[in-house]
> 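Okay, here's the structure, questions in a sec.
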Number of protein chains: 2
Amino acid sequence: MPKNESPSQAIRLNEEHVAENMTRTREEHATELAEDYVEAIADLIDEHREARVTDLARLFAVTPATVNNTIARLQKAGLVTSEKYRSIFLTNSGRELAEQCKARHETVYRFLLSLGLSHKIASRDTEGIEHHCSPETLRAFKKLADEAGSS
Amino acid sequence: MPKNESPSQAIRLNEEHVAENMTRTREEHATELAEDYVEAIADLIDEHREARVTDLARLFAVTPATVNNTIARLQKAGLVTSEKYRSIFLTNSGRELAEQCKARHETVYRFLLSLGLSHKIASRDTEGIEHHCSPETLRAFKKLADEAGSS
DNA sequence: CAATATTTTTAGCACATGCTAACTTGACAT
DNA sequence: ATGTCAAGTTAGCATGTGCTAAAAATATTG
Ligand SMILES: [Mn+2]
Ligand SMILES: [Mn+2]
Ligand SMILES: [Mn+2]
Ligand SMILES: [Mn+2]
């Protein structure tokens, strides 16, 4: 029945772009947990010298079994090293990723603060938003956060 | 070995908040695909009178089998109606959600544009960011986008 | 109408991410 | 040294989200 009638220029669904964007967002989600883990592990090591399964379980509000499972994947991905009953460490690759993620997290957080949002809200939304910012967007965020910071 | 030494006030891991934020982000991810689907279905119906499996598969860059699977879940969730070999429609609840999501999508997109980002980048990043904006953040985005819009 | 092409569905698979329950290991206090 | 408790592991399960390949239904076209 629908042949091509009603151009209906209201929404303009650019199908090519939508498909690209969806694919990109899926890719971001695939790396999201890994990013949060290496970031948390780096933070824990900074604060307590070591990152243990229990610490991560508390931080992420999941069970130790889930942490174990995830750590096994991260190890396979070459981001962490882990021996049984020992605490978890980052590989060089993991440390590098953690650094990038911490910087990115910081940028997004400061940007949201600069919009006048509360620490609580900014910190909450940062946790999700950080994984979906392209380098261009991140640059824009950083610029504005820096400008607002020099108040 | 680690007892409580080195306050190391560099990062300040507020464990309570981190756990809360992670839980929240997980919840957002659980509804993300549903939101994008109802939005896409609404757009397709606006443009073509109907939303078919193939259309959605093209839009999301997945296989028709995947769309079928997802539609079954959405139906169980009461967001769409679907009969075999027929096109897909929104329930009232689905239409309502689609409206909200479209408004939110629009707000985030206009906000990113107002930062000087290209349409391409803004549209890409919006697709992920939109699902992680609290009402407060959304209000801030809208305010700034509106201000910039009146140029 | 009949042949063909497209669309939709189904079955069966895989992997990520979560859980609980049971078991093992390690740490620590008496 | 031993007994207890916390921490870590494992097995087994569920759900979400993707895939391919094959079958069934529908649409198009000669
Ligand atoms: Mn995060
Ligand atoms: Mn996300
Ligand atoms: Mn959207
Ligand atoms: Mn989206």
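Letters A, B, ... are given to chains in the order of the sequence lines, protein chains preceding strands, and every chain is numbered from 1.
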> From the list C:dT8, C:dT10, C:dG18, which nucleotide is the closest neighbour of the side chain of A:L33?
C:dG18
> Strictly below 4.0 Å, N to O, side chains only: are B:D46 and B:K102 in salt-bridge contact?
yes
> What is the distance, rounded to the nearest whole Å, between atom NE2 of B:H48 and atom P of C:dT7?
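Going from NE2 in B:H48 over to P in C:dT7 covers 13 Å.
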> Can you check the B:L74 CG to D:dG16 P distance for me, whole Å?
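It is 11 Å, rounded to the nearest whole Å.
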> Figure out the OH/C1' separation between A:Y37 and C:dA16, and round it to whole Å.
12 Å
> Go through C:dT8, C:dT20, D:dA21 for me and flag the one nearest to the B:N68 side chain.
C:dT8
> How long is the line joining CZ of B:R73 and P of D:dT15, in whole Å?
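Atom-to-atom, B:R73 to D:dT15, this comes out as 12 Å.
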> So which one's nearest nucleotide on DNA chain C is more toward 5', B:S87 or A:A61?
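It is B:S87, whose closest nucleotide lies nearer the 5' terminus.
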> Tell me which nucleotide among C:dT25, D:dT10, C:dG18 gets nearest to the side chain of A:V62.
C:dG18
> Compare side-chain N and O positions of B:R26 against OP1 and OP2 of C:dG18 and report whether any pair is under 4.0 Å apart.
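Answer is yes, contact under 4.0 Å.
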> Without decimals, in angstroms, what is the distance between B:K76 NZ and D:dG16 P?
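Rounding to the nearest Å, NZ of B:K76 and P of D:dG16 are 7 Å apart.
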> Under a 4.0 Å threshold between the charged nitrogen and the carboxylate oxygen, would B:R24 count as salt-bridged to A:E127?
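Judged by the 4.0 Å cut-off on N to carboxylate O distance, A:E127 and B:R24 do not form a salt bridge.
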> Please test B:H132 against A:H131 for ring pair (Phe, Tyr, Trp, His ring centres under 6.0 Å), starting from the C-alpha separation and ending with a verdict.
CA-CA 10 Å; B:H132 301 287; A:H131 308 281; 7.9 Å; no
> If only side-chain N and O atoms of B:T66 are considered, is one of them under 4.0 Å from the OP1 or OP2 phosphate oxygen of D:dT17?
no
> Residues two or more places apart in sequence or in another chain: which of them pass salt bridge (charged side-chain N to carboxylate O under 4.0 Å, His left out) with B:K143?
B:E147
> Check the distance between C:dC19's P and A:F60's CZ and give it to me in whole angstrom.
13 Å
> Once you round it to whole Å, what is the distance between P of D:dA14 and CG of A:N69?
16 Å
> Please confirm whether the shortest side-chain N or O distance from B:T54 to OP1 or OP2 of C:dT7 is below 4.0 Å.
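Result: no.
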> From CG of A:D36 over to P of C:dA16, roughly how many Å is that when rounded to an integer?
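Distance check: A:D36 CG to C:dA16 P gives 17 Å.
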> Within the structure, does a side-chain N or O atom of A:K84 lie under 4.0 Å from either OP1 or OP2 of D:dT10?
yes
> Using the six-membered ring wherever Trp is involved, compare the ring planes of A:F60 and A:Y37 and label them parallel, tilted or perpendicular (cut-offs 30° and 60°).
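If you compare the ring of A:F60 with that of A:Y37, the planes turn out parallel.
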> I want to verify a distance call: between C:dA11, C:dT25, C:dC19, whose nearest atom is closest to the A:T63 side chain?
C:dC19
